[in-house]
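Here the structure is laid out as structure tokens; the discussion comes afterwards.
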Amino acid sequence: VTRISWDEHTAKRLNSKTLRALKRRAGHVYDADRPLEIVEIDVLRPDFHVCAEDGTILGSPVIYIAIDVATGMVIGIWAYLQAPVVEPLMDFCSRAFFPKAPRKDGTQVPWGCPEKVLSDQGAEFFGAFWAAAGVQLGFAIVIAEGEAGWKKPRIERFNGEIQERYLWRI
């Protein structure tokens with residue numbers, strides 16, 4: 001996998017003065033050199049409800065998404081009709097990070113648990129249970145400061161693309 005750094009990619013589109021000013025304001029953007037070094041994880045809460053055939057509102061979906069920073073690959077995307085709490089988060093992590101069954105040819109899927117998981121300060125990501133789960137599952141938890149969407153640019157952009165391209169059509 002050939003990966004260019006955030007600076008190199010941005011420098012191609014901006015002049016050096018603007019790039020310097022942006023870097024001074026933006027601070028540190030997490031980057032990785034190898035797969036599963038850092039995984040960005042976030043929750044997407046679409047603005048619609050899922051209804052049964054008889055019109056009963058079942059709830060609003062919550063979509064968990066994980067993207068590998070080094071490769072830009074979506075590791076997992078899963079929707080739940082449950083509030084964004086610990087249970088769906090742990091179910092999502094088990095589905096995204098750990099393979100369930102061997103392939104048809106008998107080989108095991110070559111994927112695994114990340115070294116670090118970068119998340120925001122959402123209630124489901126900011127607590128003792130999530131910290132303990134990270135220790136048990138074997139990854140370090142990195143929390144982005146405050147309302148800093150730019151700390152997780154890949155996942156925030158992906159969430160925006162999902163909202164713009166697909167969810168507005170429902």
Side-chain angles (χ1 to χ4, degrees), residues 1 3 5-7 23 25-50 57-102 108-168 170:
V1 174
R3 177 152 173 83
S5 72
W6 178 83
D7 293 351
K23 285 171 63 178
R25 287 194 189 115
H28 177 71
V29 174
Y30 291 95
D31 206 4
D33 296 322
R34 35 180 220 289
L36 294 177
E37 183 178 354
I38 301 175
V39 170
E40 293 179 5
I41 189 169
D42 202 7
V43 177
L44 177 62
R45 296 171 185 91
D47 296 328
F48 62 86
H49 294 287
V50 176
I57 296 176
L58 301 175
S60 183
V62 175
I63 303 169
Y64 287 87
I65 304 168
I67 295 179
D68 181 55
V69 171
T71 63
M73 185 173 108
V74 175
I75 296 174
I77 182 167
W78 207 260
Y80 297 89
L81 282 176
Q82 190 175 357
V85 292
V86 173
E87 291 84 9
L89 174 61
M90 298 315 300
D91 182 61
F92 171 74
C93 287
S94 68
R95 293 173 188 272
F97 302 149
F98 303 105
K100 296 295 183 193
Q108 193 69 23
V109 179
W111 203 244
C113 194
E115 294 174 29
K116 297 177 187 172
V117 172
L118 175 62
S119 65
D120 55 22
Q121 292 187 6
E124 64 277 3
F125 299 120
F126 201 75
F129 189 85
W130 176 237
V135 170
Q136 289 293 323
L137 295 174
F139 56 79
I141 296 170
V142 180
I143 305 287
E145 301 95 26
E147 298 290 323
W150 52 266
K151 288 278 194 177
K152 305 178 305 163
R154 295 152 196 91
I155 196 91
E156 296 298 341
R157 178 169 175 126
F158 186 79
N159 284 351
E161 291 290 322
I162 293 286
Q163 290 277 34
E164 287 178 18
R165 292 186 183 202
Y166 303 108
L167 297 180
W168 68 270
I170 297 176

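All residue numbers refer to positions in the sequence shown, counting from 1.
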Atom pair [atom1] ([X]) and [atom2] ([Y]), whose distance is rounded to the nearest 0.5 Å:
{"X": "R154", "Y": "T71", "atom1": "CZ", "atom2": "OG1", "value": "10.0 Å"}
{"X": "L89", "Y": "E124", "atom1": "CG", "atom2": "CD", "value": "6.5 Å"}
{"X": "N159", "Y": "I77", "atom1": "CG", "atom2": "CD1", "value": "8.0 Å"}
{"X": "D42", "Y": "L118", "atom1": "CG", "atom2": "CG", "value": "9.5 Å"}
{"X": "E156", "Y": "I67", "atom1": "CD", "atom2": "CD1", "value": "9.5 Å"}
{"X": "E40", "Y": "D68", "atom1": "CD", "atom2": "CG", "value": "9.5 Å"}

Which heavy atom of [X] sits nearest a heavy atom of [Y], and at what distance?
{"X": "C113", "Y": "L137", "answer": "SG-O, 3.3 Å"}
{"X": "M90", "Y": "F129", "answer": "CG-CE2, 3.8 Å"}
{"X": "I75", "Y": "A96", "answer": "CG2-O, 3.2 Å"}
{"X": "A66", "Y": "F97", "answer": "CB-CE2, 4.5 Å"}
{"X": "A70", "Y": "D33", "answer": "CB-C, 4.1 Å"}
{"X": "P46", "Y": "S60", "answer": "O-OG, 3.4 Å"}

* **Q136, CD: over 12 other non-hydrogen atoms inside 6.0 angstrom** => no
* May I ask you to check whether over 12 heavy atoms, not counting those of R45, lie within 6.0 Å of atom CZ? => yes
Do [X] and [Y] have side-chain heavy atoms sitting under 4.5 Å apart?
{"X": "L81", "Y": "V50", "value": "yes"}
{"X": "V142", "Y": "S119", "value": "no"}
{"X": "I155", "Y": "I41", "value": "no"}

* **Residue pairs involving residues 77-88 (criterion side-chain hydrogen bond (donor to acceptor under 3.5 Å, both in side chains); sequence neighbours excluded)** => Y80-D91
* Taking ring-ring contact (aromatic ring centres under 6.0 Å, His included) as the test, write out the residues that go with F125, two or more places apart. => W130
* Asked: How would you list, by chain and number, every residue that makes a salt bridge (charged side-chain N to carboxylate O under 4.0 Å, His left out) with R34, sequence neighbours excluded?
  -> E37, E115
